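Have a look at the structure below before the remarks.
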Amino acid sequence: DALASALDEAVLARGLVPVPGWPTERSLVRSKGGVRNEARRISREECGRLLASIDHSSTFVAVIEGSRYRDWEGFADDIAEIFDFPMRDQRIINAFLDWIRDLDWLNKEAYALFILDFPRFMEDNPQKKKQTVGLFTSWILPFWEREVEQVVVGGRAKPFDLYLVD
């Protein structure tokens with residue numbers, strides 16, 4: 001299908017290896033600014049503590065209910081709405097990646113996405129679930145961690161964390 005082939009092609013083109021299994025902690029080369037972005041599995045209790053401790057004035061926080069999503073299209077549509085993408089072409093994987101790796105219009109210093117009830121997120125299609133998380137771990141989080149400094153004029157690394165809530 002389109003998502004799988006686009007992701008596979010993009011991963012191979014960049015020489016990346018998809019992360020096997022689900023990420024719990026990431027170990028990446030830090031940017032000059034010391035940013036370390038990660039995807040983590042967390043409990044509901046830890047989610048509550050994190051949400052209470054985040055500085056919402058400087059961090060854009062999105063919380064979605066994972067059990068609502070059966071496919072990529074529904075997830076991409078909601079992310080586009082929540083993150084207020086300027087255009088609604090997010091179902092095209094390259095467009096989705098372009099918008100989620102821009103986000104200037106949000107005027108925030110950090111981003112956090114919480115997927116609640118992650119075990120039920122795309123539970124009918126484990127391959128799509130893995131590919132969707134792979135977009136974040138292979139493309140989005142590393143971009144905000146260090147690549148933005150190399151490819152965007154005046155670009156700065158920013159925290160962007162993905163929390164997969166049990």
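Here the structure is a predicted model, which means the values were calculated and not measured.
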Result of checking Val165, Leu51, Ile115 against Val63 for side-chain contact (heavy atoms from CB on, under 4.5 Å) | Leu51

Nearest heavy-atom pair of [X] and [Y]: which atoms, and what distance?
X      : Y      : value
Arg44  : Asp166 : CG-O, 3.4 Å
Ile82  : Ala62  : CG2-CB, 3.6 Å
Arg40  : Leu50  : NH2-CD1, 3.6 Å
Ile54  : Ala112 : CD1-CB, 4.4 Å
Leu141 : Asn37  : O-ND2, 3.1 Å
Pro126 : Glu123 : CD-O, 4.1 Å

I need the [X] [atom1] to [Y] [atom2] distance, nearest 0.5 Å.
X      : Y      : atom1 : atom2 : value
Leu106 : Asp84  : CG    : CG    : 7.0 Å
Gln127 : Gln131 : CD    : CD    : 4.5 Å
Leu113 : Ile79  : CG    : CD1   : 4.5 Å
Met122 : Ser67  : CE    : OG    : 12.5 Å
Cys47  : Leu164 : SG    : CG    : 11.0 Å
Ile92  : Met87  : CD1   : CE    : 9.0 Å

Geometric cation-pi criterion Lys129 and Tyr69, 6.0 Å radius, 45° cone | no

Are any non-hydrogen side-chain atoms of [X] and [Y] less than 4.5 angstrom apart?
X      : Y      : result
Asp78  : Arg68  : yes
Ile140 : Leu97  : yes
Trp72  : Ile93  : yes
Asp77  : Arg91  : yes
His56  : Lys108 : no

Could you please spell out the steps behind the side-chain contact (heavy atoms from CB on, under 4.5 Å) verdict for Phe121 and Thr132?
-> CA-CA 10 Å; Phe121 177 73; Thr132 301; 4.1 Å; yes

Determine, step by step, whether Phe160 and Phe143 satisfy the ring pair (Phe, Tyr, Trp, His ring centres under 6.0 Å) criterion, reporting the C-alpha distance in whole Å, the side-chain angles of both residues, the deciding distance to 0.1 Å, and the verdict.
-> CA-CA 9 Å; Phe160 192 130; Phe143 175 83; over 10 Å; no

Joint hydrophobic cluster, Phe96 plus Ile64, side-chain heavy atoms closer than 4.5 Å | yes

Going only through I, L, V, M, F, W and Y residues with side-chain contacts under 4.5 Å, is there a path from Trp105 to Val61?
-> no

Would you please say whether a donor-acceptor pair under 3.5 Å links the side chains of Tyr111 and Asp161?
-> no

Could you tell me how the ring of Phe60 sits relative to the ring of Phe83: parallel (under 30°), tilted (30 to 60°) or perpendicular (over 60°)?
-> tilted

Classify the ring geometry between Phe114 and Tyr163 as parallel (under 30°), tilted (30 to 60°) or perpendicular (over 60°).
-> parallel

Can we call the ring centroids of Trp139 and Trp144 under 6.0 Å apart?
-> no

Results of side chain to side chain donor-acceptor pair (under 3.5 Å) for Glu109 - residues two or more places apart only | Arg156

Output all residues satisfying salt bridge (charged side-chain N to carboxylate O under 4.0 Å, His left out) with Arg88, sequence neighbours left out; order by chain, then residue number.
-> none

Can you list the residues that meet the salt bridge (charged side-chain N to carboxylate O under 4.0 Å, His left out) rule with Asp55, with sequence neighbours excluded?
-> none

Quick one: do Glu65 and Asp117 satisfy side-chain contact (heavy atoms from CB on, under 4.5 Å)? Show the steps, please.
-> CA-CA 6 Å; Glu65 179 56 52; Asp117 200 10; 3.1 Å; yes

